[in-house]
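These notes concern the structure reproduced below.
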Amino acid sequence: MNDYDPQSLERKWQRIWEESESYRTMVDEDKKSFYIIFAYPGISGYLHLGHMRCYTYTDFIARYKRMRGYNVLFPAGAHPTGNQVISLAKRVAEGDRNVMEYLRANGATDEDIRQLDSPKGIIDYFAKSYIKEWKNFGLSIDFSYFTDTSREDYSSFIRWQFKKLNDLGLLTQKPYYAPVCKNCGPVAVDPSETDLSKGGTAEVQEYTLLKFKFGSRYITAATLRPETVYGQTNLWVDPHEDYAVVKVDDEEWIMSDAAARKLGYQMDDVEVIGHISGREMIGKGAVAPMIHRQIPVLPAGFTDPDMGSGIVTSVPSDAPYDWIALKELKENRALLEEYGLEELVKEVEPVPIIDSKDWGSNPAERIILEMDIGSQGDVERLEEATQRIYRAGFHAGTMLGICGDYAGMPVQEAKDKIREEMMGSGEATPFYDLSEEVICRCGSDVVMGKIPDQWFIRYSDPELTEKSKVHARTMNIRPDTYGRTLPDILEWFQDRSCARLGNWIGTRFPLDDKWIIEAIADSTLYPAYYIVARHYNLGRFEAGQMTEAFFDFVFLGKGEADEVAGSTGIDTETLLEVRRDFTYWYPLDLNLGGKEHMTVHFPVFLMNHVAILDDKNWPQGIMVNWYLTMTGGKISKSKGGADPIPDVAERFGIDALRLYYAHSASPFVDKEWDEREAFNYRKRLGFIWRLVNRMRSVDGGESSVDDFLESRFNRLLERTFSFMDDYEIRKAANVVFYDMPAELEWYFKRGGENGALLDRLGETFVKLLSPFTPHMADELGELWDIKYVSEELIPDVDEVVISDEVEGREEYLRDVMDDIRNILSIADVSGDVIHIYVSPSWKKKVLEIALAETEKGMGLMSVLSKMLDVPPKRLSGYLRTILEDIKKNRDTVERDLALDEMKILQEDKSFIEREFEAEVNVHLASEDVYDPADRKDKAAPGKPAIYIE
RNA sequence: GCGAGGGUAGCCAAGCAUGGCCAAAGGCGCAGGACUUAAGAUCCUGUCACGUAGGUGUCCGAGGGUUCAAAUCCCUUCCCUCGCACCA
């Protein structure tokens, strides 16, 4: 027997699989199909151990299904849509040091790097790299189906999909506000900062820009709390600031320069035509929106030109900032005098507008007193106060009587209505801003911009939503919790923009080619396309021939093959074959992806299938996996931080890593990567290796433990199947790699050495290893002269050999031995002689009757006392305990009753003697035997009495 | 805020749906031993507390409740993690 040497045998088998085209997949009408995919990766860098978790799960299931007789389709692809590829290419072209280091650390050669300065180069390089890693992990993917979303054939498919969506009335255009870079167009603002160099945590603020009539102009003030307009008492401006006068349509609005610039991206024809100093406005009045009252403009120091419009409308009842600014102003004689505001300010008092549950109707005052905030300079604590008041008011507040039509309405509801009313009357307009500075990767500012004619997919469509929800409930979804919430997610799922302007990788929008279809929208139906891609990859037709009629025929069964052949120039036979492949493989059985897809990809994946394809082709299952993390954070492709896979694979072996994924945690929890653990799995495989070799080499005869092993093995086999059928990968791996070996070890310990049996079970066992550790399994399969274990079938469970009685015997023996061990550990005895007293037969009789007529309870005493010659006290005492036991665990009690304890103990006496290095005497408790410590009365069925000297 | 998922012995992690041999699987770590000796090896035993007899006590974030019986069901409470849409 050789030692387990994963590295060399893994290389060997990967080469063999490659050469023999092991995972080539073809339609076979005699077999049930099983179609499984993982959500293909976006191209943004190398794969890491986190991705591999998901891909390996997919492979476990694909391999298992294959070995249970399914014809499995397991393709893969890559997803370069978006701008990551472009930005990476740009950084390579610039010679960005971090990028260079990252590439080199992952094994890119100078020659590789030279080709990486163009998007095409990046896509080709990484697509190859992904395929290499997948092969390196032993994934049983058929790469003849490979595609990527930048290819022209893929674009033909996507254009078809969008035509279908349009035909179904599911596309629409409407204005949209999004973060945009002035150079690059729309960008994603999120913590991973894929598109950004700064500001990933910024949030989009949806302001209401209020207009205050100010002579012939309007002063503008942006608020996040439009419902507080009823409490406006004044405006705050910075006397030292110059404000822009902006021409908007025919009106002139006053705001900070920064605000004017931002507004320019959100409205047409915004033009700065002059300036006005803050000082100039102070002391004058402006007509506030909604309340239509003149309120004064007052000086304040806390206004910020970069926030909102740079001018603040003051609601001292509800805004701590305003309250304290007002108080300070009233106390500042010098300032009042300077601007001549003494009289004016006297009349400015907070106006209660909201009754917020915990804070009353003047919450700003109350919280400032409570928190003892001294001045408007205490920004940090004022922020906190503002937050607290806002929460309390928003969630538990009601509008007071002063608020016109909104009196008595919950704040939550009033907020949107008041905003709408003011926008309707022209007193306000929407204004979007980011909560902090955001800089694009290209270096320029990111601002909120208006896209007036943004394309959306109408996921809010009631019929589509309903159909999707109904279907979702029938799907096989893991974990269950996600299955339960998916219908709610579909309900909540709103229209989603599906195309963008600018320079991106992707498919041109078929209705208007200035748009590029964006990354989520072009990745929903792609499992259907893999099937077509194989034929395209074989050169059977060109992208240009993949017309609407072509896809209608293949995916929807519309039209006649001959006609489609005529219009596309693809021959009829090929068309029929592609159509047949699609109908054979579809629907998709399982789609696996990380938890980030739960509210993004999976809903659109499902809804597009439901919208476009026949109901028999709707997807059947989804499995979500959680992340592999490293020291707290998610491993990020673009930011690095992960060990390159080849290094790790070289150190532990692929099979050890695969077992690590399968067994170290449930798929539905985040798992912290720990290489000591990986090493332990490496050791475990060494153990399995030796165990299998031993099974194959032992060559003894039959013994009494054979039937136990056969029964237990089949029971565990059954359990493995049932776990795998439920995609309970961890549980299945636990049975195969821990429970089964433990039973085999027990068998050996008991002296089992039946060569024929071990040979037969060993062969099955090796096949069971294969879905998890395919390299090792194929290597071990050579012991049985199996060419490729991974192409074998795992045999069915042999129900006949499963026997509770047979297994009960071994369990009984283990229990007795545990008891002996327990006694030895606490008793102060030499342990040279062990006496075991088997229960008297009357107790068995009691047990039997109690089991049969449990409902009679202690009433059984009358019949028992007549039947048995036992003192009533002992009889009732025992009956009481046994009734208790039956209630607790009937199965165990039944097992005990079925045991022939005397026979078992006598047969296995020598085994016990060997284990404890002691002399063992077995007695029947009802006989008059050696019993110096008066133990034998304690004997009960299944629990013999023990005395050790 | 909205939505989801968690808190189990030194650590990781099962169990919780269908309450009952659950003091609670398994792994790691640790301790003792065996074996041989330098290997991140392998094997055995132990690892909540107490206990010279297989037992008893306490225990599954905290506090209540239901029940003959609760890690499991219900209520309250504290804490943690994650997703929230143009990033895949």
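The basis for the numbers below is simple: all heavy atoms, side chains too, and nothing from hydrogens, waters or symmetry mates. Every chain is numbered from 1 and lettered A, B, ... according to where its sequence line falls, protein lines coming before strand lines. This is a predicted model, so every value here is computed, not measured.
- Pair assignment for B/A9 gives none, since no Watson-Crick or G-U wobble pairing has each distance under 3.5 Å.
- Pairing for B/C73 goes to B/G65, judged as Watson-Crick or G-U wobble with the two contacts each under 3.5 Å.
- Residues meeting the salt bridge (charged side-chain N to carboxylate O under 4.0 Å, His left out) test with A/R53, sequence neighbours left out: none.
- Nucleotide B/U52: unpaired (no Watson-Crick or G-U wobble partner with both distances less than 3.5 Å).
- A/Y4 and A/F687 have their aromatic ring centers separated by at least 6.0 angstrom.
- Under the rule for a salt bridge (charged side-chain N to carboxylate O under 4.0 Å, His left out), A/D739 has no partner lying at least two apart in sequence or in another chain.
- Residues meeting the salt bridge (charged side-chain N to carboxylate O under 4.0 Å, His left out) test with A/D5, sequence neighbours left out: none.
- Across all strands shown, B/C30 forms a Watson-Crick or G-U wobble pair with B/G46, both key distances being under 3.5 Å.
- Nearest to the side chain of A/F493, among B/A85, B/G54, B/A25, sits B/A85.
- Look at A/K731 and you'll find a side-chain N or O under 4.0 angstrom from OP1 or OP2 of B/G15.
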Please tabulate, for side-chain N and O atoms in residues 598-608 of chain A, each donor-acceptor pair with protein atoms closer than 3.5 Å (sequence neighbours left out).
unit_1: A/H601; atom_1: NE2; unit_2: A/S523; atom_2: O; d: 3.2
unit_1: A/N608; atom_1: OD1; unit_2: A/Q161; atom_2: NE2; d: 3.1
unit_1: A/N608; atom_1: ND2; unit_2: A/Y459; atom_2: OH; d: 2.9
unit_1: A/N608; atom_1: ND2; unit_2: A/V604; atom_2: O; d: 2.9

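- In the interface, the side chain of A/N822 is not paired with the base of B/G54 through any donor and acceptor atom under 3.5 Å apart.
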Collect all protein-nucleotide pairs involving nucleotides 34-43 of chain B in which both atoms are nitrogen or oxygen and the distance is under 3.5 Å.
none

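- Applying the Watson-Crick and G-U wobble criteria (two distances, each under 3.5 Å), B/C59 pairs with nothing in any strand.
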Solution key, residues 941-949 of chain A side-chain donor-acceptor pairs under 3.5 Å, sequence neighbours excluded:
unit_1: A/K943; atom_1: NZ; unit_2: A/D819; atom_2: OD2; d: 2.9
unit_1: A/E949; atom_1: OE1; unit_2: A/Y930; atom_2: OH; d: 2.8
unit_1: A/E949; atom_1: OE2; unit_2: A/H835; atom_2: NE2; d: 3.2

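- In this structure B/A17 sits in no base pair that meets the Watson-Crick or G-U test at under 3.5 Å.
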